[in-house]
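FYI, the numbering just counts along the sequence from 1. Since the model is a prediction, treat every value here as computed from it, not as a measurement.
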Amino acid sequence: MRKSLQLIGFIMILEGVSGAIDQIAVQPILGAVLNFFNRVVVNNVAFLEGYEIYANLILAVLGIVVIIAAERAPAS
């Protein structure tokens with residue numbers, strides 16, 4: 001369980017950073033995979049309009065929180 005949470009956190013970090021880069025400039029490397037959150041979720045949620053970079057950076061920070069929480073969780 002710990003490894004799967006760490007993987008999810010790592011993917012969240014990658015998607016958040018990649019989405020922020022995609023908002024500033026075009027992200028050519030694995031754009032369809034790494035920018036899923038940016039292109040599907042952020043663009044279709046009305047209250048995130050104008051705050052795309054913040055939303056992507058918050059996703060990256062939440063990924064760090066998930067990794068830290070997985071490290072501190074007791075082994076199962």
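- A distance of 10.0 Å separates CD1 of I53 from CG of D22, quoted to the nearest 0.5 Å.
- Residues V61 and L57 are not in side-chain contact: their nearest non-hydrogen atoms beyond the backbone lie 4.5 Å or more apart.
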Assess whether side-chain contact (heavy atoms from CB on, under 4.5 Å) is satisfied between V45 and F47, documenting all intermediate values. CA-CA 6 Å; V45 177; F47 68 86; 3.3 Å; yes

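- No single ILVMFWY cluster, assembled from side-chain heavy atoms under 4.5 Å apart, contains both F36 and I21.
- Hydrophobic clustering of Ile, Leu, Val, Met, Phe, Trp and Tyr side chains at less than 4.5 Å, counting indirect connections, unites L48 with L59.
- In this structure, CD on Q23 lies 8.5 Å from CG on N35, to the nearest 0.5 angstrom.
- Between N44 and V40, the closest heavy-atom pair is ND2-O, 2.7 Å.
- Across every non-hydrogen atom of V42 and A55, the tightest pair is CG2-CB, 4.1 Å.
- Under the 4.5 Å side-chain heavy-atom criterion for ILVMFWY residues, a single connected hydrophobic cluster contains both I13 and I68.
- Annotation: side-chain hydrogen bond (donor to acceptor under 3.5 Å, both in side chains) contacts involving residues 57-69, sequence neighbours excluded, are absent.
- Contact check for I67 versus I8: no side-chain heavy atoms found under the 4.5 Å cut-off.
- Here E52 pairs with nothing under the side-chain hydrogen bond (donor to acceptor under 3.5 Å, both in side chains) rule; sequence neighbours left out.
- Every pair passing side-chain hydrogen bond (donor to acceptor under 3.5 Å, both in side chains) that includes a residue from residues 53-72 is listed here, sequence neighbours excluded: Q6-E71, N38-N56.
- Here the CG-CZ distance, from N43 to F37, works out to 10.0 Å after rounding to the nearest 0.5 Å.
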